[in-house]
Undergrad: 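Mind having a look at this structure? Questions to follow.
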There are 2 protein chains.
Amino acid sequence: MARLTIIGLGPGAAALLAPMARQAMESAHVVAGYGTYLDLLEPELLAGKEIIESGMMREMQRVQAAIDATRAGKDTVLVSSGDPGVYGMAGLAWELAEECGALADIELSVVPGIPALCAAAALLGAPLMHDFASVSLSDLLTPWEVIERRVELAAQADFVLAIYNPRSKRRDWQLPRALELIRRHRGPRTPVGHVRNGYRQDQLVDVIALDGMDGAYIERVDMLSLLIVGNNATRFVSAPGGRRMLTPRGYMDKYVKKC
Amino acid sequence: MARLTIIGLGPGAAALLAPMARQAMESAHVVAGYGTYLDLLEPELLAGKEIIESGMMREMQRVQAAIDATRAGKDTVLVSSGDPGVYGMAGLAWELAEECGALADIELSVVPGIPALCAAAALLGAPLMHDFASVSLSDLLTPWEVIERRVELAAQADFVLAIYNPRSKRRDWQLPRALELIRRHRGPRTPVGHVRNGYRQDQLVDVIALDGMDGAYIERVDMLSLLIVGNNATRFVSAPGGRRMLTPRGYMDKYVKKC
């Protein structure tokens with residue numbers, strides 16, 4: 001029985017790719033993935049493989065082709081960026097494999113990766129140290145009312161908030177609207193982290209205050225950006241390498257300081 | 001200037017340790033960490049290193065010792081399980097380094113890792129495919145009212161819910177109480193994933209229904225467990241390897257099926 005393995009590249013740097021994911025690629029006959037992600041890989045990893053590539057909006061066809069290749073007896077790897085289980089390809093692979101009655105014919109597994117929110121957090125300081133929620137602002141597959149309700153309740157519950165897909169050329173009003181909801185429950189000086197191309201070429205890491213997220217700033221946010229909005233305890237940290245953000249977990253109140 | 005690098009081991013398997021984290025350990029003079037986590041590492045990685053080890057409740061001392069070692073000019077790695085930014089050591093390291101005025105003397109950085117919720121999700125199927133929230137039920141550093149409010153609002157917002165630190169010998173009433181709040185917003189057949197020791201020895205992967213989370217089942221949940229409660233669309237998937245859970249993202253409604 002051939003294997004269909006859905007792997008996560010992590011942020012994209014080879015040094016953050018798990019050996020288990022690399023090994024799955026090395027032993028596969030077929031590699032399927034969105035071109036932009038395959039371009040992040042060292043060319044040697046793809047040498048001699050059958051490649052199933054397709055554009056951003058053609059996930060269904062890509063996953064279907066990967067399932068078909070596996071059913072034809074070829075070990076196949078389906079490549080996702082970040083973690084395949086967080087807004088990645090794991091769900092569609094399970095869903096389509098079940099729908100097409102392929103689960104008995106193939107060996108499906110998921111290899112986890114470092115999700116974009118953890119990569120961004122590491123670059124920003126330590127913003128996710130307390131309870132957090134992750135919301136995608138893309139209303140392509142989810143009604144906007146559902147997204148809006150989640151943003152509002154997450155802000156109300158004082159979750160740190162990771163915002164995926166904050167803005168694209170065609171989706172430009174969703175982020176200002178989400179920020180408006182968040183401002184009902186957060187002070188103007190709440191730190192907001194913005195990471196674009198984390199651990200990739202042209203990396204941007206920026207920590208600003210919520211009241212700095214105005215029209216001019218928002219122009220700089222796009223589909224390659226991830227935002228992290230602090231909770232009510234998140235604060236700025238001045239470090240030589242630049243401003244960072246930190247969400248305390250409560251240790252300092254609980255324990256005696258030593259320095 | 002010596003480096004203090006906070007790394008995440010991921011779930012613990014060497015095949016899921018990022019090369020960047022491994023490299024930081026290889027080039028460090030000092031490795032600091034909780035004994036149980038250091039035991040997950042290949043012994044070669046610790047050979048010849050100065051080791052700063054301390055028990056579970058002594059994070060402050062451990063981080064302080066790591067900062068002191070770095071200030072003394074020794075490159076130091078502070079080891080966290082999972083991702084150091086998700087309920088890990090990144091926050092305390094930033095916090096203490098700032099508090100002790102060490103940020104100008106050391107080069108502090110965080111190397112992200114695969115967090116426990118992504119490792120668990122990969123083993124459970126694809127439960128995190130839509131917006132999710134992560135809550136720790138440990139009320140050691142957070143008032144229970146805050147935790148309870150987060151659980152309730154996350155359930156109300158239809159987030160998939162990852163539950164860290166669900167239960168320990170001394171904290172046995174919090175999980176039943178959290179489940180009671182969740183049941184107000186989820187049907188009895190909502191899938192719940194339970195992973196214990198994911199990608200480690202004695203791995204347990206179990207998918208049950210919310211109404212199966214009764215007293216007898218809860219006895220099996222402990223500090224090594226992570227729970228993932230589905231949203232209102234999460235469903236079971238029957239796979240040859242065992243029951244899995246899947247949170248659809250909406251593709252099937254949006255696109256035409258191909259098989």
Undergrad: Which one, A:Pro127, A:Gly85, A:Gly10, leads in non-hydrogen pairs under 4.5 Å with chain B?
TA: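 Most heavy-atom pairs under 4.5 Å with chain B: A:Gly85.
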
Undergrad: If you take all heavy atoms of B:Tyr199 and A:Val110, which pair is closest and at what distance?
TA: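 Looks like OH-O, 3.5 Å.
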
Undergrad: Looking at side-chain heavy atoms only, is the closest gap between B:Arg249 and A:Glu95 below 4.5 Å?
TA: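 No, too far: nothing below the 4.5 Å cut-off.
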
Undergrad: If you compare all heavy atoms of A:Ala239 against all heavy atoms of B:Trp94, which two are closest, and at what distance to 0.1 Å?
TA: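 Distance-wise, the nearest heavy atoms are CB-CZ3, 3.8 Å.
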
Undergrad: Could you check which of A:Thr142, A:Leu161, A:Asp68 has the highest count of heavy-atom pairs closer than 4.5 Å to chain B?
TA: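 Looking at each of A:Thr142, A:Leu161, A:Asp68 in turn, A:Thr142 comes out on top.
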
Undergrad: Among B:Pro115, B:Ser109, B:Ala104, single out the residue with the greatest number of heavy-atom pairs under 4.5 Å to chain A.
TA: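 Of the options given, most contacts go to B:Pro115.
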
Undergrad: Go through it in stages, so that I can follow the logic: the residues are A:Glu98 and B:Arg244, the test is salt bridge (charged side-chain N to carboxylate O under 4.0 Å, His left out), and I'd like the CA-CA distance, side-chain angles, deciding distance and then a yes or no.
TA: CA-CA 11 Å; A:Glu98 184 192 42; B:Arg244 297 284 179 270; over 6 Å; no

Undergrad: Between B:Pro19 and A:Ala14, what is the shortest heavy-atom contact and its length?
TA: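 Closest approach of B:Pro19 to A:Ala14: CG-O, 4.0 Å.
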
Undergrad: To check you understand the geometry: which heavy-atom pair defines the closest contact between A:Ser134 and B:Phe159, and what is its length?
TA: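 Looking at all heavy atoms of both residues, the closest pair is O-CE2, 3.8 Å.
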
Undergrad: Between chain A and each of B:Ala121, B:Ala21, B:Ala90, count heavy-atom pairs under 4.5 Å; write down the option with the most.
TA: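 The residue among B:Ala121, B:Ala21, B:Ala90 with the greatest pair count is B:Ala90.
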
Undergrad: Counting only heavy atoms not in B:Arg71, do more than 12 sit closer than 6.0 Å to its CZ atom?
TA: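 Yes.
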
Undergrad: Using side chain to side chain donor-acceptor pair (under 3.5 Å), reason through A:Tyr87 and B:Asp131 one step at a time and then give a plain yes or no.
TA: CA-CA 8 Å; A:Tyr87 309 115; B:Asp131 304 329; 2.7 Å; yes

Undergrad: How many angstroms lie between OG in A:Ser136 and CE in B:Met129, if you round to the nearest 0.5 Å?
TA: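 These two atoms lie 10.5 Å from each other.
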
Undergrad: Take the angle between the ring planes of B:Phe132 and A:Phe132 and call it parallel below 30°, perpendicular above 60°, tilted in between.
TA: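 Correct class here is perpendicular.
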
Undergrad: Taking atom CG of B:Leu117 and atom SG of A:Cys118, what is their separation to the nearest 0.5 Å?
TA: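 It comes to 7.5 Å.
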
Undergrad: A:Pro84 versus chain B, heavy atoms under 4.5 Å apart: side chain, backbone, both or neither?
TA: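 Contact with chain B is through the backbone of A:Pro84 alone.
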
Undergrad: Determine the option with the most heavy-atom pairs under 4.5 angstrom with chain A, choosing from B:Met20, B:Arg22, B:Gln23, B:Glu152.
TA: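 Option with the greatest count: B:Met20.
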
Undergrad: Hey, mind stepping through B:Gln156 and A:Arg150 against side chain to side chain contact (heavy atoms under 4.5 Å, CB included) and telling me if it holds?
TA: CA-CA 9 Å; B:Gln156 197 180 327; A:Arg150 285 181 183 157; over 6 Å; no

Undergrad: Can you say whether A:Asn231 sits under 4.5 Å from chain B via the side chain, the backbone, both, or neither, judging by heavy atoms?
TA: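 Contact with chain B: side chain only.
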
Undergrad: What is the distance from atom CZ of A:Arg149 to atom CG of B:Leu153, rounded to the nearest 0.5 Å?
TA: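 If I round to the nearest 0.5 Å, the distance is 9.5 Å.
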
Undergrad: With side chains defined as the heavy atoms from C-beta onward, is the minimum distance between B:Leu103 and A:Val237 less than 4.5 Å?
TA: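 Yes, side chains in contact.
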
Undergrad: Which one of A:Leu246, A:Leu108, A:Ile147 has the most heavy-atom pairs closer than 4.5 Å to chain B?
TA: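 Heavy-atom pair counts peak at A:Leu246.
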
Undergrad: So which atom in A:Ala18 and which in B:Ala15 form the shortest heavy-atom distance, rounded to 0.1 Å?
TA: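 Closest approach of A:Ala18 to B:Ala15, heavy atoms only: CB-O, 3.7 Å.
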
Undergrad: A quick test of your reading: do over 12 heavy atoms of other residues, nucleotides or ligands sit less than 6.0 Å from CZ of B:Arg243?
TA: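 It does: B:Arg243 CZ has more than 12 such atoms within range.
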
Undergrad: Which atoms form the tightest heavy-atom contact between B:Pro112 and A:Ala122, and what is the distance?
TA: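 Closest approach of B:Pro112 to A:Ala122: CD-CB, 3.8 Å.
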
Undergrad: Could you check A:Leu16 against B:Val111 for side chain to side chain contact (heavy atoms under 4.5 Å, CB included), going step by step and ending with a plain yes or no?
TA: CA-CA 9 Å; A:Leu16 291 171; B:Val111 174; 4.1 Å; yes

Undergrad: Below 4.5 Å from any heavy atom of chain B, which atoms of A:Ser238 appear? Answer side chain, backbone, both or neither.
TA: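 Contact with chain B: backbone only.
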
Undergrad: Who wins among A:Val151, A:Leu17, A:Asp158, A:Leu124 for the most heavy-atom pairs under 4.5 Å with chain B?
TA: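 That would be A:Asp158.
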
